[in-house]
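The shown structure was predicted, so the numbers you read here are calculated from the model rather than taken from an experiment. For ligands, and for the atoms within them, numbers begin at 1 and follow the listed sequence. Just so you know, these numbers use all the heavy atoms, side chains as well, and skip hydrogens, waters and symmetry mates.
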Amino acid sequence: MTEGAAAADGRLCIGVLCHPTYGGSGVVATELALSMARKGHEVHVFSHEVPPRLARSSGPVEMHVARGFPYPLFTSTPHDLAVTSKVLEIHRLRGLDLLHAHYALPHAVSAFLAREASRHYHEHAPPRVITTLHGTDITLVGNDPAYAPLTEHALRASDAVTAVSEDLARRTRESFCVEEAACPIEVIPNFVDCDLFAPSKSARPGSPTLVHVSNFRPVKRVPWLVRAFALAAHDRDAQLVLVGDGPDQAECRRVAAEGGVADRVVFLGERDALPGLLSPASAFCLTSREESFGLSALEAMACGTPVIATRVGGVSEVVEDGVSGMLCAAEDLEGYASLLRRALVDPELVARMGAAARARAVDHFSFERVLPRYEALYRRVLAKP
Ligand code: GMT
């Protein structure tokens, strides 16, 4: 039995399991995978599609797309089993030192299953499993009675668990750990490429612009944002640019028409050119009901754009109220609208908060600050007996 493929020279052989979405967990997993590969580690990414950020990169990771096949007996195709099976196949060939599962379900379970299965083959030592919790994998999905016992087991069976904010770590402990010592969770915040996401030299557009980026799921409450925008901007020259697509988009169009701002709400759909969209805006808007971190807000901050957000989950760990942005209670529509109005009428406030936002992104959440923490964790987990 040998250790991972490259153990002798310090190179690690890393498997990354993630959702192939535009959403933050797919972005974090991809950027981490690419940066580990650039450092010389052997990195394999497993998913049922190529994550969009990876598709656009020429970075040296091996992508394994594993899809189940439709069979009349299945009500839906079990991609998770195909991913698990592919992980096992690659482990037997290459000797994965560790599996990094992003988003507890199903990836922590897939990683655990692959690790257990690998014990029956003796070419390589079983891989260690690290699970990174991103948000709704605990708060909306993982703690639902339908999945909670399995989520709890996947957390306990992981060799290490990380969460992207203190708030998410706390909520995970509340849901799953009777004794804190039984499930240690390390908080490693999300990170942003501050060279790619940077203030642009292009001038701000003629009318003040607010921007939002998301997958338009109900948890993001984008129709609520459109309602607040209508309150804040019905009598002034301003626009709201909505980037992304998802289930609530039609409702947003309806609310914009109802609020008399249909001509000032711009729907761009899914876009990759985010820095160019974020940088000229007066503020980035986030109106979620739950938000463990808010990676899109951090990307805006790195572009020098202040954030106006609801004070939920881990958002206040990213945006300092009154410094790099402004926060208000998630139920306070009028209050939120008045913050939007302040950003629309006060360019000096926007410039001051924008500069503070950029500084905070660089000082606390840059690649350089955060990525070494993951690599150190990998080494610590591998050093455990
Ligand atoms: O948990 C989700 O809803 C999906 C996930 C994603 O893939 O975008 O979002 C979560 O993970 C991001 C990356 O860590 C965080 O920035 C988001 O705040 C978090 N979303 C929620 O908590 C709603």
>> Evaluate G26 for polar contact with ligand 1, using N/O atom pairs at a separation under 3.5 Å.
In response: no
> Is there any N or O on S25 that sits under 3.5 Å from an N or O of ligand 1?
Replying inline: yes
>> Could you check whether T162 and T132, counting side-chain N and O atoms only, form a donor-acceptor pair closer than 3.5 Å?
In response: yes
> So is N190 polar-close to ligand 1, meaning N/O to N/O under 3.5 Å?
Replying inline: yes
> Any nitrogen or oxygen of E291, main chain or side chain, under 3.5 Å from a nitrogen or oxygen of ligand 1?
Replying inline: yes
> Would you call R341-D235 a salt bridge at under 4.0 Å N-O?
Replying inline: yes
> Looking only at distance, does F293 have an N or O less than 3.5 Å from an N or O of ligand 1?
Replying inline: yes
> Out of H19, E290, H134, who gets a non-hydrogen atom closest to atom 19 (C) of ligand 1?
Replying inline: H134
>> Among all the protein's non-hydrogen atoms, which is closest to atom 22 (O) of ligand 1, and how far away is it?
In response: S292 N, 2.8 Å
>> Walk me through whether H212 and S214 qualify under side chain to side chain donor-acceptor pair (under 3.5 Å).
In response: CA-CA 7 Å; H212 169 82; S214 80; 2.9 Å; yes
> For ligand 1, does T136 get within less than 4.0 Å through its side chain, its backbone, both, or neither, judged by non-hydrogen atoms?
Replying inline: both
> If we ignore angles and hydrogens, is there a donor and acceptor under 3.5 Å between the side chains of H120 and S118?
Replying inline: no
> Taking N or O atoms only and a 3.5 Å limit, does L295 qualify as a polar contact for ligand 1?
Replying inline: yes
>> Between H124 and H91, do the side chains contain a donor N or O and an acceptor N or O under 3.5 Å apart?
In response: no
> Same hydrophobic cluster for L34 and L196, using side-chain heavy-atom links shorter than 4.5 Å among ILVMFWY?
Replying inline: yes
> Is there at least one pair of N or O atoms, one from R217 and one from ligand 1, spaced under 3.5 Å apart?
Replying inline: yes
> Considering only protein heavy atoms, which is closest to atom 8 (O) of ligand 1, and at what distance to one decimal place?
Replying inline: G24 N, 2.5 Å
>> With heavy-atom distances below 4.0 Å as the criterion, list the atoms of ligand 1 near Y103.
In response: 1 (O), 2 (C), 4 (C)
> Which of the atoms of ligand 1 are close to V164, meaning less than 4.0 Å from one of its heavy atoms?
Replying inline: 14 (O)
> Does a side-chain N-to-carboxylate-O contact under 4.0 Å join R56 and D272?
Replying inline: yes
>> Check this for me, if you would: do E174 and R170 make a salt bridge, where the nitrogen-to-carboxylate-oxygen distance has to be below 4.0 angstrom?
In response: yes
